[in-house]
Amino acid sequence: MTDCLFCKIIAGQIPAAPLYQDETLIVIKDINPQAPLHVLIIPRKHIASLNELSADDDALVGSMFRRGAALAREHGYDERGYRTVFNTNRDAGQTVFHIHLHLLAGRPLAWPPG
Ligand code: 5GP
Ligand code: ZN
């Protein structure tokens, strides 16, 4: 996907300082953080939104959530709490059409969200 921001970051065409990376995932800080910890857990595979997931992606999505929990624990937020969010399409405010799991922590997070 040549016009995808996160594919460009994954390909190294746009510099980023990954907090974590492995053969399937990359984790970067959000450029516009909404909490003291706000990172994006991004699969290397280009999937535009949750609407495009297939059964083949089940393990990948599971690993994204497990990575989110591991990062929350590493930053000391596992007991206090944190939020993991996928935004999908217009009403949820999705702006980058390559799936990413937001991990937010470090302040009380209102519910319901806006
Ligand atoms: P969405 O609204 O699609 O769920 O989330 C996209 C997120 O990507 C936003 O929170 C936005 O701040 C973040 N973002 C947009 N452009 C960049 C960028 O170039 N670098 C990083 N690290 N984050 C970005
Ligand atoms: Zn992409």
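If you read the sequence from its start, that first residue is 1, and numbering goes on from there. Counting convention: from 1, in listed order, for ligands and their atoms alike. None of the values given here were measured: they were computed from a predicted structure.
The minimum distance between the Zn ion (ligand 2) and any N, O or S atom of H98 involves atom ND1. Looking only at N/O/S atoms, H46 comes nearest to the Zn ion (ligand 2) through ND1.
In this structure a side-chain-to-backbone donor-acceptor pair under 3.5 Å is missing from R44 to Q21. Between the side chain of E52 and the main chain of S54, no donor-acceptor pair closer than 3.5 Å is present. Proximity of a side-chain donor or acceptor of R107 to a complementary backbone N or O of Q34 within less than 3.5 Å is detected. Side-chain N or O atoms of R83 include none that pairs as donor or acceptor with a backbone N or O of L103 at under 3.5 Å.
Sequence neighbours left out, the pairs with a member in residues 49-73 that pass ring-ring contact (aromatic ring centres under 6.0 Å, His included) are F65-F86.
Between K45 and D57, at least one side-chain N (NZ, or NE/NH1/NH2) sits under 4.0 Å from a carboxylate O, which counts as a salt bridge.
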Identify all N/O pairs between ligand 1 and the protein with a separation under 3.5 Å and present them as a table of atom names and distances.
from     : atom 1 : to   : atom 2 : distance (Å)
ligand 1 : 2 (O)  : G93  : O      : 2.9
ligand 1 : 2 (O)  : T95  : N      : 3.4
ligand 1 : 2 (O)  : T95  : OG1    : 3.1
ligand 1 : 3 (O)  : T95  : N      : 2.7
ligand 1 : 3 (O)  : T95  : OG1    : 3.2
ligand 1 : 3 (O)  : V96  : N      : 3.0
ligand 1 : 3 (O)  : H100 : NE2    : 3.1
ligand 1 : 4 (O)  : N87  : ND2    : 2.9
ligand 1 : 4 (O)  : H100 : NE2    : 2.9
ligand 1 : 4 (O)  : H102 : NE2    : 2.8
ligand 1 : 5 (O)  : H100 : NE2    : 2.9
ligand 1 : 5 (O)  : H102 : NE2    : 3.2
ligand 1 : 10 (O) : D30  : OD1    : 3.2
ligand 1 : 10 (O) : D30  : OD2    : 2.5
ligand 1 : 12 (O) : D30  : OD1    : 2.5
ligand 1 : 22 (N) : K29  : O      : 2.8
ligand 1 : 23 (N) : I31  : N      : 3.3

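Under the 6.0 Å cut-off for aromatic ring centres, H98 and H100 do not qualify, their centroids lying 6.0 Å or more apart.
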